[in-house]
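Values below: all heavy atoms of this structure, side chains included; hydrogens, waters and symmetry mates excluded. Just so it is clear: chains get the letters A, B, ... in the order the sequence lines come, proteins before strands, and each one is counted from 1.
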Protein chains: 2
Amino acid sequence: MSPIENLTRELEKLPGVGAKTALRLAYHLVKGPKEGVRRLARALDLMADRVHPCPACGNYCDSELCSICGDPNRDQEMICVVEEAYEVGAIERTGHYGGLFHVLGGRLSPLDGVGPDELAIDALVRRLDGGDGRDARVGEVILATNASVEGEATAVYLEGVLRPYPVRVTRLARGIPVGSDLEYIDGTTIAEALAGRREM
Amino acid sequence: MSPIENLTRELEKLPGVGAKTALRLAYHLVKGPKEGVRRLARALDLMADRVHPCPACGNYCDSELCSICGDPNRDQEMICVVEEAYEVGAIERTGHYGGLFHVLGGRLSPLDGVGPDELAIDALVRRLDGGDGRDARVGEVILATNASVEGEATAVYLEGVLRPYPVRVTRLARGIPVGSDLEYIDGTTIAEALAGRREM
């Protein structure tokens, strides 16, 4: 197998990259300067060497704790539960959340063989009962799983798991996305927006 | 900059990969096994170390000459001219071509600053006049540039350059792609297909 074929096979393993895209990427890389290719290789190695899940929240980091868990100025009384690590960034970028996070590492999806044991649910519970001595003060858990069928099922399951603990369990509001026209919004979303209407 | 941000920036430089796709790829890689990430890094390094343009035809290879130029059983009297190295594979896969190739490395595109000097046209001419002692027997040059405006302009320019040499200069037939319905084919293609009609 030639080095180009070898690289094409590796690129094909990336999500959303088929045989033709992999070939196009490989030829783009071989045509460009070699430093660019080596820089990408170094970036991959650096990530493999240094990045690991934060032992507290499960977000990825390259220090002992992630930058959020290690920041004493964050509100230690709130934990926002997300499915995947990259969703932490989506919430952080709003600038409207100052609490901690917890990354489940997926969503309940029996068809894909993902049950409660595959998710970081035990770790979340340990953060509530103060077993690790860190988060014993948690007063609210915000369930920020996706608004998909699996995400909702995961939230409902988590609500059951968290019920015995003295914490408020909330979830993100459902409603009309900002900037969108009502006529293009599906009926279920409008129904949720009606049910969740607020005083002006 | 964290290793994940660093990798995301490198991935964003790939064609067709935007900020969101780069982030998704980076998190896919960090979530998967580290061996996969290292294998991709090794594949990139291997390519940067070993792959270079074939000194005869410009196709990429990891040996002194590419496998096609180095094969004495190929028809040394035909050269098929393509724009990019990855197009060699498209023609090879047909199994209906047994000659040599020549990779231009692009197409004439004044708007992108690509003129004749940016393409491997001198190298093609040297293959015809026997200056390198290898291809003095060339009897036919097939212009297989793309059927786009730039590709056609490149073919017309090459035809002018090659006219003084005692070689047949041909180009790929234009016509109806196999398997397609006439009603979906544009008029220019149908006109070309009519002009190029053949006895049954």
Single-linkage hydrophobic cluster [X]~[Y], side-chain heavy atoms < 4.5 angstrom:
{"X": "A:V167", "Y": "A:V161", "result": "yes"}
{"X": "A:Y60", "Y": "A:I79", "result": "no"}
{"X": "B:I142", "Y": "B:V156", "result": "no"}
{"X": "B:Y165", "Y": "B:L124", "result": "yes"}
{"X": "B:L172", "Y": "B:Y157", "result": "yes"}

Do other residues, nucleotides or ligands put more than 12 heavy atoms under 6.0 Å from A:E64 CD?
->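 Not more than 12 within 6.0 Å, no.
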Would one find more than 12 heavy atoms of other residues, nucleotides or ligands at under 6.0 Å from atom CZ of B:R168?
->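 For B:R168, atom CZ is not crowded (no more than 12 foreign heavy atoms under 6.0 Å).
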For a quick test of reading the model, state the closest non-hydrogen atom pair linking [X] to [Y] and the distance between them.
{"X": "A:E10", "Y": "B:G36", "answer": "OE1-O, 4.3 Å"}
{"X": "A:K13", "Y": "B:H28", "answer": "O-NE2, 4.0 Å"}
{"X": "A:M47", "Y": "B:K34", "answer": "O-NZ, 4.3 Å"}

How far does [atom1] of [X] sit from [atom2] of [Y], to the nearest 0.5 angstrom?
{"X": "A:L40", "Y": "B:L40", "atom1": "CG", "atom2": "CG", "value": "6.5 Å"}
{"X": "B:T21", "Y": "A:L14", "atom1": "OG1", "atom2": "CG", "value": "11.5 Å"}
{"X": "A:R50", "Y": "B:I4", "atom1": "CZ", "atom2": "CD1", "value": "11.5 Å"}
{"X": "A:R38", "Y": "B:L44", "atom1": "CZ", "atom2": "CG", "value": "10.5 Å"}

Heavy-atom pair count under 4.5 Å with chain B, highest-scoring of A:A43, A:C61, A:A48 |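 Ranked by contacts with chain B, first place is A:A48.
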Chain B: which of A:L7, A:V51, A:D62, A:V30 shares the most heavy-atom pairs with it under 4.5 Å?
->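 Maximum pair count with chain B is reached by A:V30.
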Using atom types as modelled and distance alone, determine if a side-chain donor or acceptor of B:K31 lies under 3.5 Å from a backbone N or O of A:G105.
->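 Pair found, side chain donor or acceptor close to backbone of A:G105.
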Between B:S2, B:S67, B:A85, the one whose heavy-atom pairs under 4.5 Å with chain A are most numerous =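 Going by pairs under 4.5 Å, I would pick B:A85.
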Go through the atoms of B:E84 and report whether side chain, backbone, both or neither lie under 4.5 Å from a heavy atom of chain A.
->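 Only the side chain of B:E84 comes within 4.5 Å of chain A.
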Under 4.5 Å from a heavy atom of chain A, the part of B:R9 involved =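 Contact with chain A involves no heavy atom of B:R9 at all.
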Checking A:Y86 against chain B: side chain, backbone, both or neither under 4.5 Å from a heavy atom?
->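 Both backbone and side chain of A:Y86 come within 4.5 Å of chain B.
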Could you check A:D45 against B:R42 for salt bridge (Lys or Arg N to Asp or Glu O under 4.0 Å), going step by step and ending with a plain yes or no?
-> CA-CA 9 Å; A:D45 278 331; B:R42 288 297 73 67; 2.9 Å; yes
